[in-house]
Amino acid sequence: KKIINNTVSFQSINEDDDKTYAGFIAEEVHDAELTEFVDYNKEGQPDALHYSNMTAVLTKALQEALTKIESLEARVEALENA
C-alpha cells in the first residue's frame, strides 16, 4: 500500500479567507499513485486535491485499522491472562 507521509497546515490563498486549513500535498498524493484524488493544472502537474472523494477510502482504512487493533488487544489480553 502506498502511504502519504506528510500532513500540512496552510493559509488560504483567497483574499477574503484568512482561515488555516489542514491537508495533504498534491504532489505526494500523486506520487502515492492516488491520482483519482488529484486535480492537475494545464501542464499536467498536481495542483489540488479532491478531499471529498477521499472520505470513503479513509473511513474504510480507519475501520480496518480499528478491527486490527481490537484483535491485537484481545491477543495481548489473552497472553497476559495465560
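Values in this document were obtained by computation on a predicted structure and should not be read as measured data.
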Would you mind listing every side-chain hydrogen bond (donor to acceptor under 3.5 Å, both in side chains) that reaches into residues 67-78, with sequence neighbours excluded?
none

Atom pair CG/CG of Leu34 and Asn53 - distance to nearest 0.5 Å
12.0 Å

Separation between CD of Glu28 and OG1 of Thr7, rounded to the nearest 0.5 Å:
9.5 Å

Nearest atoms (heavy-atom pairs only) where Ser9 meets Thr20
CB-CG2, 4.0 Å

If you compare all heavy atoms of Leu49 against all heavy atoms of Ala26, which two are closest, and at what distance to 0.1 Å?
CD2-CA, 3.8 Å

Answer with yes or no whether the hydrophobic clustering places Phe10 together with Phe24; edges join I, L, V, M, F, W, Y residues whose side-chain heavy atoms lie under 4.5 Å apart.
no

Determine the minimum heavy-atom distance between Glu33 and Glu36, stating which atoms define it.
O-OE1, 4.1 Å

Examine Tyr51 and Val8 and state if one hydrophobic cluster contains both, with Ile, Leu, Val, Met, Phe, Trp and Tyr joined whenever side-chain heavy atoms are less than 4.5 Å apart.
no

May I have the step-by-step check of side-chain contact (heavy atoms from CB on, under 4.5 Å) for Val29 and Met54, ending in yes or no?
CA-CA 11 Å; Val29 175; Met54 293 179 169; 4.1 Å; yes

Can you get from Phe37 to Leu58 by hopping between Ile, Leu, Val, Met, Phe, Trp and Tyr side chains that sit under 4.5 Å apart?
yes

Gap separating the CD1 atom of Ile69 from the CD atom of Glu64, nearest 0.5 angstrom:
12.0 Å

What residues form a side chain to side chain contact (heavy atoms under 4.5 Å, CB included) with Tyr40, not counting sequence neighbours?
His30, Thr35, Val38, Pro46

